[in-house]
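Treat the numbers as computed from the prediction; the structure is a model and nothing was measured. Chain letters run A, B, ... following the sequence lines, proteins first, then strands; residues in each count from 1.
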Amino acid sequence: MPELPEVETVVRGLRKSVIGNKIKDVKIIFPGIVKQNSKNFKKVVSKNKIIEIRRRGKFILIDLSNGKTILAHLGMTGNFILVRASSPLNKHDHLIVRFYENHSKGSPAFGGAKELRYNDQRKFGRIKSFSTSKEENIFDLKKLGPESLNISSSDFVDLFKKRKGRIKSALLNQQIIAGLGNIYVDESLFEAKIHPSQKIDQLTPQQLKKLHQAIQKILKKAIKAGGSSIENYYNIDGEIGSFQLQHKVYGREGLACKRCGTKIKRIKISQRSSYFCPRCQKRT
DNA sequence: GCCACTGTTAGCAT
DNA sequence: CATGCTAACAGTGG
């Protein structure tokens with residue numbers, strides 16, 4: 001679920017709806033999500049204004065007026081949703097950020113105070129805070145590879161030129177390149193006509209260039225569609241994305257390839273289901 | 001009921 | 001060092 005396009009959709013939603021809002025306090029329902037002393041986290045966050053929202057890889061960064069930043073990762077099933085403070089809690093709501101009423105600026109239908117809730121069925125997500133000025137020292141961010149949406153074609157080719165192993169495993173590795181996950185890797189490899197278990201050192205610079213282009217194209221289209229909603233994903237207004245309707249291979253085992261009609265195959269690579277067209281994506 | 005599977009990744013083993 | 005499994009969790013489907 002939350003890969004780069006989904007996280008970007010959440011970030012854009014937050015930017016539109018909560019920048020400038022002043023946080024009243026934070027309620028932690030399930031402490032396991034907060035990877036920091038709960039009291040400390042609450043103290044750092046409460047009574048501060050949200051001044052900026054950013055994304056790095058699949059991480060969400062929320063900058064506060066006191067020089068601190070909230071770092072959130074959605075794991076597999078995490079979601080932020082903006083709701084009326086009076087609305088009933090949902091199953092798997094783990095954390096609530098409450099805003100002051102007079103700073104609410106949502107739609108007119110949104111009278112009264114609102115709050116941002118973090119929901120996560122599988123509890124793989126995590127949230128913590130750090131000093132904005134110390135960002136370059138934060139391990140979670142430091143280890144990330146270049147942004148898959150920013151990297152230039154030549155840097156991308158250089159990045160993989162020296163690598164071994166299977167192309168899909170490398171694309172999933174956030175330390176090599178940040179933001180891609182299982183869905184967008186499969187879709188990008190199909191677009192570039194590259195077999196997911198293709199050995200990287202057998203790829204030509206031309207193929208890598210094509211793969212770079214495919215990634216840019218797929219990610220941009222997915223962001224435009226508000227991401228892919230397979231089961232659990234929705235944006236901060238509770239709306240689902242629509243890119244799943246444009247998937248050409250992911251989740252389409254046994255169905256006809258949209259390009260050539262051959263049946264889409266599914267194999268396991270690094271323990272992850274990998275969908276591809278055996279005719280369009282030949283291994284070399 | 002049991003087992004396999006699911007969008008991620010830290011941590012450990014090889 | 002690079003690469004590959006497993007576990008963390010909850011739910012669903014066969």
Under 3.5 Å, is there a donor-acceptor pair linking the side chains of A/Q198 and A/T284? yes
Just how far is it from atom CG of A/N232 to atom NE2 of A/H92, taken to the nearest 0.5 Å? 8.5 Å
What's the closest nucleotide to the side chain of A/K164 if the choices are C/dG4, B/dT6, C/dT3? C/dT3
Of all the nucleotides listed (B/dA10, B/dT8, C/dG4), which has the minimum atom distance to the side chain of A/R126? B/dA10
Is the count of non-hydrogen atoms from other residues, nucleotides or ligands lying under 6.0 Å from A/K143 atom NZ greater than 12? yes
For B/dC5, does OP1 or OP2 lie under 4.0 Å from any side-chain N or O of A/R272? no
Interatomic distance, A/K268 NZ vs B/dT6 C1' [rounded to whole Å]: 9 Å
Give a yes/no on whether any side-chain N or O of A/H73 is located under 4.0 angstrom from OP1 or OP2 of B/dT8. no
Please tell me if A/K162 has a side-chain N or O lying less than 4.0 Å from either OP1 or OP2 of C/dA2. no
Test salt bridge (Lys or Arg N to Asp or Glu O under 4.0 Å), reference A/E191, set A/K258, A/K210, A/K220, A/K217, output is A/K217
Report the stems of DNA chain B as range-with-range entries sorted by first number; a stem here is at least three consecutive pairs, Watson-Crick or G-U wobble, both distances under 3.5 Å, and write none if there are none. B:2-6 with C:10-14, B:8-14 with C:2-8
Rounded to whole Å, how long is the line connecting atom CG of A/L4 with atom P of B/dT8? 11 Å
Whether A/S169 contacts C/dG4 is assessed here as follows: a side-chain N or O lying under 4.0 Å from the phosphate OP1 or OP2. Is that the case? yes
Check the distance between C/dA2's C1' and A/K199's NZ and give it to me in whole angstrom. 14 Å
Pairs of donor and acceptor atoms involving the side chains of residues 271-280 of chain A, under 3.5 Å and at least two apart or interchain, shall be tabulated with distances.
residue : atom : partner : partner atom : Å
A/S273  : OG   : A/R266  : NH1          : 2.8
A/S274  : OG   : A/K168  : NZ           : 2.8
A/S274  : OG   : A/R272  : O            : 3.1

Reading 5' to 3' through nucleotides 6-14 of chain C, protein heavy-atom contacts under 4.0 Å coded B for base, S for sugar-phosphate only, - for none: B-BBBS---
Please give, in whole Å, the distance from B/dT8 P to A/I183 CD1? 7 Å
Measure the distance from CZ on A/R166 to P on C/dG4 and round it to the nearest whole Å. 7 Å
To the nearest Å, give me how far apart CD1 (A/I230) and C1' (B/dT8) are. 15 Å
Options C/dG4, B/dT8, B/dC5, nucleotide nearest the side-chain atoms of A/R266: B/dC5
Have A/Q36 and A/S129 got a donor and an acceptor in their side chains that come within less than 3.5 Å? yes
For residues A/S228 and A/Y250, is any side-chain donor paired with an opposing acceptor at under 3.5 Å? no
Out of A/K142, A/R56, A/R54, which one pairs with A/E135 under the salt bridge (Lys or Arg N to Asp or Glu O under 4.0 Å) rule? A/R54
Mind checking A/K35 for me? I need base, sugar-phosphate or nothing, with any heavy atom below 4.0 Å counting as a touch. nothing
Can a side-chain donor-acceptor contact be found between A/K47 and A/Y100 if the only test is distance below 3.5 angstrom? yes
Side-chain ion pair, A/D140 and A/R126, N-O less than 4.0 Å: yes
How many whole angstroms separate atom CD1 of A/I177 from atom P of C/dA2? 16 Å
Report the distance from atom OH of A/Y250 to atom P of B/dT8, rounded to the nearest whole Å. 8 Å
